[in-house]
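Working notes, structure below.
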There are 2 protein chains.
Amino acid sequence: MDPTPIPTSDTPRKATTIKDVARRARCSIASVSRVVNDSGPVSGALRLRIAAAVAELEFRPSEVGRSLVLKRSRTIGVLVPSVTNPVFADCLAGLQETARRGGHAVLIAQSNYEAGREVEAIEPLIAERPAGLVLTVCDPASSEARARAAAAGIPTVLLFNEASDPGVALVTVDNRGAGRDLAAALIGRGHRRIAFVAGRFAASDRARARYEGVRDALVAAGLPVEPPVEADFIDGPDRIDLADILDRLRPTAIVASNDLLAIGVVAALRRHGLAVPDDVSVAGFDGIAIGGLIAPSLATIAWPARAMGTTAAAMLLDLVAGRGREPGRTLTLPHLFRPGGTLADAPNTSR
Amino acid sequence: MDPTPIPTSDTPRKATTIKDVARRARCSIASVSRVVNDSGPVSGALRLRIAAAVAELEFRPSEVGRSLVLKRSRTIGVLVPSVTNPVFADCLAGLQETARRGGHAVLIAQSNYEAGREVEAIEPLIAERPAGLVLTVCDPASSEARARAAAAGIPTVLLFNEASDPGVALVTVDNRGAGRDLAAALIGRGHRRIAFVAGRFAASDRARARYEGVRDALVAAGLPVEPPVEADFIDGPDRIDLADILDRLRPTAIVASNDLLAIGVVAALRRHGLAVPDDVSVAGFDGIAIGGLIAPSLATIAWPARAMGTTAAAMLLDLVAGRGREPGRTLTLPHLFRPGGTLADAPNTSR
DNA sequence: CGTGCTGGTGAAAACGTTTACACCAGCGCC
DNA sequence: GGCGCTGGTGTAAACGTTTTCACCAGCACG
């Protein structure tokens, strides 16, 4: 319980190395390495001496030295559009925890939902020679970032992206199916004029797939299909402008491409003097926790974000360890429609 | 635009090294290093040859090799209680962006609001020999994690923590003053019975300071002071149990130790059949963006979370570069009371 | 009593950088 | 014309590990 005294002056004292331990234990560094990593045989007596020296000197092997000789660090790099979107934060939390348990540290990078930024975001990660990468990119098929990772020979798992080419490790959800399910739920409540609002549409294959799913359902029901409305929710969710679509389509329901945007859409509708869900219903995707706490609660398609992070980490660690079963392995986690107070019967409709 | 073809087979091809470049440019590795880092003189002709070789071979210097010889990596480690709390996610986003601009990568770790986990969370970070660390710990004065960082001689900036001992770099806010301000706002609206709800009280010096501030204001106004109520918001914000405090104190206002918790409290009150703000007002701390989008909007004390991240990163990079002005530098960023729909006049009170 | 194996140990190379140092050519200066 | 500087270049050491290889002792086996 007694905390180690904290030196106030930041003495740049040098860390103890394997040589210090070897000297203290009166042996070679090879034996120290063998004990520390439990590789190769060491006699009981020497093992004890080394263990004592390690403890006394508080030896912590340098990952840098280790990485150099092993040609890969025990680090995994993660690229997400933004850590401030709860769905990615949840992912990241699970991913980090699983990585830590597996003895790996996690490096982060953000693309800010811009394909052009992916490269500059991922370069520093690659420079650290990580054991592997987990990426959520704008468009897997054309991603320069992914190409760089592949060129560097770094095992990579895509997260949340749509399946593009085979031979890729991927942890994702059925975005298109989710779109269909959500639209079906709206149609079932009598909605006929349904709008789709997306963030950076061009920068998210998820948003595009969800839109296509919604479109599938609309077409199947013989309902009018509107092109998606782009609403910049990144910088300033309080400036979402729905005037145009409200005037043109007079939708009774709006599907947002994710929950964060959906909450912004609800707020925007209120600014327009429209009641949710009495005038307009709203629904999103992701199932972020906060959506269930607000009033009215947010109708959404939920997927296990944290589990997607842990799964991606586990898959990557498998890949890294050579336990990579089939190299191109796609894991599609289930989604679930979660009803909420933002979704009601369409006005002027007797079901 | 033409994307580099992505090899499907994960060929573990070896990265090009400085030697490859030297061979190609017909010179020594020293000259390559000089050109890459722009250190030392190189003739125009050779400089050109090397630049060409670097480009053709797509040479990216290994940070691992560099870190080994420089004894520190261009990486900074960040420990926060949880990346899923938007206030820390915002911090992290700003921090990462500033670090990247400064040529540094960011390693993350989470303590899950448990002092006991701080050490195991930070050890892998220290093992990577980062240039510096940014920590938000449970209790700076007794933090074993902080002690480890100091023992390893790693420059450290504390974030959000309370000032403990001098000689520490710290980016924070006036938590206690914020508590006073928030309580004053409540008292000004006629509230007399004010409860304080905290998450892991023992694991957050911020929560404790905010409580003390609230207490200050209550005492100054001659109002009754209740001990804080602990509500576990980490796993399951939907199981916050307020029955006890509602029965005992019958508060007209509840202050939550942060916004995430405050939103949970609002939901819990609703489950108890109480209207917010008509029956009970609620306020929190942090000023998370989503608080302004929900209805009723959340009254809160807002601080510039993202800027705190960027500031902490900038301060750390200064420290690392030796530009560390005074070593023990505390920067207190301003806070601002942000009124919201969750805060109304106390019932049965004519102001 | 050799022969071969096995357990225990150390010496040394390798990993990819940076940088101190040495060297040489050219040039200005006395 | 010798001297000292400077610009340009290369050699080699160092950083902290892991791992291969060699070596030696002891022991079972024939």
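In what follows, every heavy atom counts, from backbone to side chain, and hydrogens, waters and symmetry copies are set aside. Below, chains carry the letters A, B, ... as their sequence lines are ordered, and counting in each starts from 1.
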I need the [X] [atom1] to [Y] [atom2] distance, nearest 0.5 Å.
X: B:I122; Y: B:S143; atom1: CD1; atom2: OG; answer: 7.0 Å
X: B:C27; Y: B:R49; atom1: SG; atom2: CZ; answer: 6.5 Å
X: A:S82; Y: A:Q110; atom1: OG; atom2: CD; answer: 5.0 Å
X: B:L92; Y: B:N85; atom1: CG; atom2: CG; answer: 12.0 Å
X: B:R23; Y: B:I18; atom1: CZ; atom2: CD1; answer: 12.0 Å

Just call it for [X]: base, sugar-phosphate, or nothing, with non-hydrogen atoms closer than 4.0 Å on any strand.
X: B:P61; answer: sugar-phosphate
X: B:L46; answer: sugar-phosphate
X: A:V64; answer: nothing
X: B:S43; answer: sugar-phosphate

Within the 3.5 Å criterion, strictly below it, is a donor on A:E128 or A:T75 matched to an acceptor on the partner's side chain? no
Does the side chain of A:N161 come under 3.5 Å of the side chain of A:R146 through a donor N or O and an acceptor N or O?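 The criterion, which ignores hydrogens and geometry beyond distance, is not satisfied for A:R146 and A:N161.
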Which of residues 47-57 of chain B sit near DNA chain D, with a heavy atom under 4.0 Å from it?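 Contacting residues: none.
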Covered region of DNA chain C, 5' end to 3' end, by chain B [heavy atoms, under 4.0 Å]: C:dG16 to C:dT19
Map B:V69 and B:C27 onto DNA chain D by nearest heavy atom, then report which one ends up closer to the 5' terminus.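 Here B:C27 is the residue nearer the 5' end.
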Within the structure provided, determine whether B:P81 and B:T136 are in side-chain contact (heavy-atom separation under 4.5 Å).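 In contact.
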More 5' along DNA chain C: B:L70 or A:S28, using each one's nearest nucleotide?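 The residue whose closest nucleotide sits nearer the 5' end is A:S28.
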Between P of D:dT17 and CZ of A:R34, the distance in whole Å: 16 Å
Indicate yes or no: does B:R100 engage A:E120 in a salt bridge with an N to O separation below 4.0 Å. yes
Bend across the helix from C:dC1-D:dG30 to C:dC30-D:dG1, to 10°, with axes taken over 5 pairs at each end?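 Roughly 50° between the end axes, to the nearest 10°.
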Quick one: is D:dT17 close enough that its OP1 or OP2 comes under 4.0 Å of any side-chain N or O from A:S67?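 For A:S67, the contact criterion (side-chain N or O under 4.0 Å from OP1 or OP2 of D:dT17) is not met.
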Under the side-chain contact (heavy atoms from CB on, under 4.5 Å) criterion, do A:R306 and A:E97 qualify, and how do the steps go? CA-CA 10 Å; A:R306 190 185 168 91; A:E97 176 61 20; 3.9 Å; yes
